[in-house]
There are 2 protein chains.
Amino acid sequence: MSASQSVDATAPSGPCLDGRDDDALVARWRELLDRHARTTGALEKVLQERHQLGVSEFEVLERLAGCDREQNRMQALADTVHLSQSALSRLIGRLEADGLVSRSMCSDDRRGIFACLTPAGRERYEAARPTQRQLLAELLND
Amino acid sequence: MSASQSVDATAPSGPCLDGRDDDALVARWRELLDRHARTTGALEKVLQERHQLGVSEFEVLERLAGCDREQNRMQALADTVHLSQSALSRLIGRLEADGLVSRSMCSDDRRGIFACLTPAGRERYEAARPTQRQLLAELLND
DNA sequence: GCACAAAGGTTGCGCATGCATGTAGTGTCT
DNA sequence: AGACACTACATGCATGCGCAACCTTTGTGC
């Protein structure tokens with residue numbers, strides 16, 4: 001899928017000012033969109049039907065599993081998975097409702113809240129990880 | 001399968017038991033997520049506030065501007081921008097409501113529908129393109 | 001101690017998306 | 001022609017997201 005002929009969006013009615021760099025840039029952009037869409041799409045599907053997890057849910061679990069110290073502030077978590085605070089708050093709510101994480105208040109800063117993996121959460125994550133890794137290997141290696 | 005703590009996704013330089021490939025894979029995955037989130041986020045914001053366009057809207061306009069022949073079937077369009085058929089239908093609906101595209105029925109296949117840029121649509125796209133290209137250049141070149 | 005601004009998190013709301021379904025047109029087989 | 005499967009769009013519905021408003025806690029200045 002090269003960008004050899006159809007990318008020149010200025011085709012008939014515009015002077016093509018910076019054509020070649022532009023084409024390369026757009027090609028990279030589309031490559032990124034393509035790859036992202038394919039990967040998240042497939043991942044979403046397989047993680048959902050085999051582990052009842054969405055992509056964002058899995059990513060959060062992975063972050064939590066990575067450092068299972070109580071250092072998982074909501075805000076920091078939101079940043080690492082690129083979600084708004086509200087989205088992350090509800091996501092954690094869902095995971096908590098499923099018994100996969102638990103919210104625990106922080107002692108020294110009473111407005112901060114830590115999200116921690118429960119044993120069930122860790123188990124679910126460990127089970128889902130190979131699935132995700134395999135798909136990643138398939139879709140990211142080309 | 002010792003899967004107790006070998007992912008150490010956030011550990012700085014931990015000894016990886018079963019996964020150097022794994023770490024590299026995950027790193028690439030996160031790089032992809034990162035780049036995508038940053039770019040779409042910034043793009044969404046700037047395109048919205050300066051041209052009243054979303055990222056998907058812009059992408060569709062670009063595809064339409066690319067080949068302004070009447071060969072833009074809804075389904076094909078949906079595929080190229082990675083949207084479901086329903087999402088694209090509504091998106092075209094919005095663009096049509098804004099007067100940026102028009103739906104025209106196809107003569108030889110009466111269930112097929114072509115989406116075409118209106119002059120206003122082309123104008124809007126031409127105006128938005130430099131904005132998008134500049135941001136792409138900033139965020140994709142590293 | 002008492003305002004007042006700012007930060008962390010939650011909730012109300014509108015919107016875009018995907019899935020499932022509905023409707024219309026096409027092609028095939030009998 | 002009539003029945004059937006299939007394709008192309010549109011639409012009802014549920015869900016997840018971001019923005020803005022809100023509440024609580026912290027820190028700063030008086």
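A note on names: the letters A, B, ... follow the listed sequences, proteins ahead of strands, and every chain is numbered from 1. Values below: every heavy atom of this structure, side chains too, minus hydrogens, waters and symmetry copies. Note that the structure is a prediction, hence the values are computed from the model and not measured.
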Students often mix this up, so state it plainly: with edges at 30° and 60°, are the rings of Tyr125(B) and Phe58(B) parallel, tilted or perpendicular? tilted
Rounded to whole Å, please give me the gap between CG in Leu77(A) and C1' in dA7(C). 17 Å
What distance separates Leu43(A) CG from Trp29(B) CH2, expressed to the nearest 0.5 Å? 5.5 Å
Picking from dT17(C), dG18(C), dC9(D), the nucleotide nearest the side-chain atoms of Arg94(B) would be dT17(C)
Can you tell if the side chain of Arg30(B) reaches within under 4.5 Å of the side chain of Thr80(A), non-hydrogen atoms only? no
B/S/- along nucleotides 21-28 of chain D (protein heavy atoms under 4.0 Å) is ----BS--
Side-chain donor/acceptor of Thr118(A) to backbone N/O of Leu100(A), under 3.5 Å: yes
Rounded to the nearest 0.5 angstrom, the CD-CG distance for Glu31(A) and Leu140(B) is 11.0 Å
Whole-Å distance between dT26(C) C1' and Gln75(B) CD? 16 Å
Provide, to the nearest angstrom, the distance between the CE atom belonging to Met105(B) and the P atom belonging to dA10(D). 11 Å
What nucleotide among dG18(D), dT17(C), dC17(D) has an atom nearest to a side-chain atom of Leu91(B)? dT17(C)
Measure the distance from NZ on Lys45(B) to C1' on dC17(D) and round it to the nearest whole Å. 17 Å
Ignoring hydrogens and geometry, is there a side-chain-to-backbone donor-acceptor pair from Ser89(B) to Gln85(B) under 3.5 Å? no
Could you pull out the protein-nucleic contacts involving nucleotides 10-14 of chain C (nitrogen or oxygen on both sides, under 3.5 Å)?
| residue | atom | partner | partner atom | Å |
| --- | --- | --- | --- | --- |
| dT10(C) | OP1 | Arg103(A) | NH1 | 2.4 |
| dT10(C) | OP2 | Ser89(A) | OG | 2.8 |
| dT10(C) | OP2 | Arg103(A) | NH1 | 3.2 |
| dT10(C) | O5' | Ser89(A) | OG | 3.4 |
| dG12(C) | N7 | Arg90(A) | NH2 | 3.2 |
| dG12(C) | O6 | Arg90(A) | NH2 | 2.6 |
| dC13(C) | N4 | Arg90(A) | NH2 | 3.3 |

Output the rounded distance in Å from CG (Leu95(B)) to P (dC9(D)). 16 Å
Between atom CG of Leu53(A) and atom CD of Glu44(A), what is the distance when rounded to the nearest 0.5 Å? 9.5 Å
Using 0.5 Å steps for rounding, measure from the CZ atom of Arg28(B) to the OG1 atom of Thr39(A). 10.0 Å
If I take atom CD in residue Gln48(B) and atom C1' in nucleotide dA16(C), what distance separates them, rounded to the nearest angstrom? 12 Å
Among Arg94(A), Arg90(A), Arg124(A), find the residue that satisfies the salt bridge (Lys or Arg N to Asp or Glu O under 4.0 Å) test when tested with Glu57(A). Arg94(A)
Just the rounded figure in Å: distance from C1' of dA16(C) to CD of Gln52(B). 18 Å
May I have the distance from Glu96(B) (atom CD) to dA10(D) (atom C1'), rounded to whole angstrom? 12 Å
